[in-house]
Colleague: 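One structure follows; several queries about it will come next.
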Amino acid sequence: QEWENPFATWDPQDFCNISEIVLPMDTYWSPPVFILERVNGQNPELNYMVITHNGRFNSTRPFQVTLTCSLIILKFPFDTQMCNLSIASYLYPAVADFVMKTRGTPAEIMEQSKSFFLSDGEWKFTNLSIMEYTEMLDDKEFSVVTYMISMERRPTLYILNLILPTCALYLLDMAVLFGPSSLEEKINFQIAIILGSSMLAVILNNSLPTSSNKPPIIGTT
């Protein structure tokens, strides 16, 4: 966060050429912002800010938060999700008192985000777009900045553990069904296939999120 306070300026030559100082966050006013999609998280202990002689304030505080995101898993595990991170402040009207702006372009912020994103995780960070707008609440306009994050799932693990075993079971089922085996052998093999399909269904149920309106195609077939 960066903001300016014209009442917190000084001449460095009058104070031993000190051009910036570090003070606790509660020393001066700081922008009260909220993450709208936040469920829970850990508040940082770095409650300090840097003040320069020209009245510019800078506060870098790492947050670890859990957000709500509506997932569409119809194409699981080849799905692409988009989640929003909305930052707003409903204490000061946007037009008169409080306006939020992003410091960098979406391309610059995306490159910075990739350096912090886990490269070997389940998701691949694909795109980032930013929208700055005002929202009406109680006949007042408030400034909101929304980061729209696009992520693509890495499907390799699900292909090896779910799709390929399921296809193999159905191929074996067709081969035994139209094969020259006896009826008793076919029944025994069908029971084994049903048990294997049930185990794969349990694995799939434990792997999928429960917040989607439509079940995945792999689960319905």
Side-chain angles (χ1 to χ4, degrees), residues 1-70 81-121 123 125-151 211:
Q1 289 181 317
E2 287 186 359
W3 67 96
E4 293 184 0
N5 188 344
F7 301 101
T9 59
W10 70 89
D11 189 355
Q13 296 181 356
D14 297 336
F15 299 93
C16 301
N17 292 326
I18 298 176
S19 60
E20 64 179 28
I21 57 176
V22 179
L23 294 177
M25 290 291 295
D26 55 0
T27 305
Y28 283 93
W29 176 89
S30 59
V33 295
F34 312 96
I35 300 178
L36 302 184
E37 295 87 359
R38 176 173 177 174
V39 177
N40 54 36
Q42 299 178 0
N43 293 324
E45 298 180 357
L46 300 176
N47 295 322
Y48 293 90
M49 55 186 176
V50 179
I51 308 174
T52 58
H53 67 280
N54 56 1
R56 180 175 293 275
F57 287 67
N58 187 297
S59 174
T60 303
R61 309 173 66 190
F63 281 92
Q64 182 178 1
V65 297
T66 302
L67 307 177
T68 57
C69 184
S70 179
Q81 307 293 341
M82 178 175 290
C83 296
N84 293 338
L85 175 64
S86 301
I87 302 176
S89 177
Y90 293 116
L91 299 181
Y92 301 95
V95 178
D97 301 326
F98 193 85
V99 178
M100 291 192 300
K101 297 290 183 180
T102 55
R103 182 169 56 182
T105 62
E108 294 173 349
I109 297 177
M110 183 175 177
E111 290 299 324
Q112 295 175 0
S113 301
K114 284 184 177 180
S115 62
F116 296 103
F117 198 80
L118 293 176
S119 58
D120 295 331
W123 295 95
F125 190 41
T126 57
N127 191 24
L128 173 68
S129 57
I130 304 174
M131 183 170 56
E132 301 174 356
Y133 61 98
T134 57
E135 184 174 311
M136 293 293 298
L137 182 64
D138 295 335
D139 297 331
K140 294 182 180 179
E141 294 183 348
F142 297 92
S143 179
V144 181
V145 176
T146 298
Y147 296 86
M148 292 169 285
I149 305 169
S150 298
M151 296 180 294
S211 60

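Owing to the predicted nature of the structure, the values given are computational and were not obtained by experimental measurement. Heavy-atom basis, side chains included; hydrogens, waters and symmetry copies ignored.
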Colleague: For residues Val144 and Ala88, report the shortest heavy-atom separation together with the two atoms involved.
Modeller: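 Taking Val144 first and Ala88 second, the nearest heavy atoms are CG2-CB, 3.7 Å.
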
Colleague: Which heavy atom of Thr146 sits nearest a heavy atom of Ser86, and at what distance?
Modeller: OG1-OG, 3.1 Å

Colleague: Rounded to the nearest 0.5 Å, what separation is found between the CE atom of Met82 and the CG atom of Asn127?
Modeller: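 CG of Asn127 is found 7.0 Å from CE of Met82.
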
Colleague: Just by distance, do the side chain of Trp29 and the backbone of Asn5 share a donor-acceptor pair under 3.5 Å?
Modeller: no

Colleague: As an exercise, state the distance from CD1 of Ile109 to CG of Leu128, rounded to the nearest 0.5 Å.
Modeller: 6.5 Å

Colleague: For Phe34 versus Ser89, what's the shortest heavy-atom pair and its separation?
Modeller: CD1-CA, 4.1 Å

Colleague: With rounding to the nearest 0.5 Å, note down the distance linking CZ in Arg56 to CD in Glu4.
Modeller: 4.5 Å

Colleague: Hey, what do you get for OG1 (Thr102) to CE (Met131), rounding to the nearest 0.5 Å?
Modeller: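 One finds 12.5 Å between OG1 of Thr102 and CE of Met131.
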
Colleague: To the nearest 0.5 Å, what is the distance between OG on Ser30 and CD on Gln1?
Modeller: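 CD of Gln1 is found 7.0 Å from OG of Ser30.
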
Colleague: Quick one: list whatever passes ring pair (Phe, Tyr, Trp, His ring centres under 6.0 Å) with Tyr133, sequence neighbours left out.
Modeller: none

Colleague: Which label fits His53 and Trp10: parallel for a plane angle under 30°, tilted from 30 to 60°, or perpendicular past 60°?
Modeller: perpendicular

Colleague: Counting N and O atoms only, with roles assigned by atom type, does the side chain of Ser150 sit under 3.5 Å from a partner on the main chain of Thr126, one being a donor and the other an acceptor?
Modeller: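 Such a contact is absent between Ser150 side chain and Thr126 backbone.
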
Colleague: From the options Leu91, Thr134, Leu137, select the one residue that forms a side-chain contact (heavy atoms from CB on, under 4.5 Å) with Phe142.
Modeller: Leu137

Colleague: As a quick check of understanding, evaluate side chain to side chain contact (heavy atoms under 4.5 Å, CB included) for Glu132 and Met100, giving each step before the final call.
Modeller: CA-CA 8 Å; Glu132 301 174 356; Met100 291 192 300; over 6 Å; no

Colleague: Between Ser129 and Pro106, which heavy-atom pair has the shortest distance, and what is it?
Modeller: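 The pair with the smallest heavy-atom distance is CA-CB, 4.5 Å.
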
Colleague: Would you indicate whether the side-chain heavy atoms of Pro24 and Asn47 approach each other to under 4.5 Å?
Modeller: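 With C-beta onward as the side chain, the pair stays apart.
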
Colleague: Would you say the side chains of Thr52 and Asn54 form a donor-acceptor pair under 3.5 Å?
Modeller: yes

Colleague: With distance as the sole test, does Asp11 use its side chain to make a donor-acceptor pair with the main-chain N or O of Gln13 at under 3.5 Å?
Modeller: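 A pair under 3.5 Å: yes.
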
Colleague: Hey, could you give me the CG/CG distance between Leu67 and Leu36, rounded to the nearest 0.5 Å?
Modeller: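 Reported to 0.5 Å precision, the distance equals 10.5 Å.
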
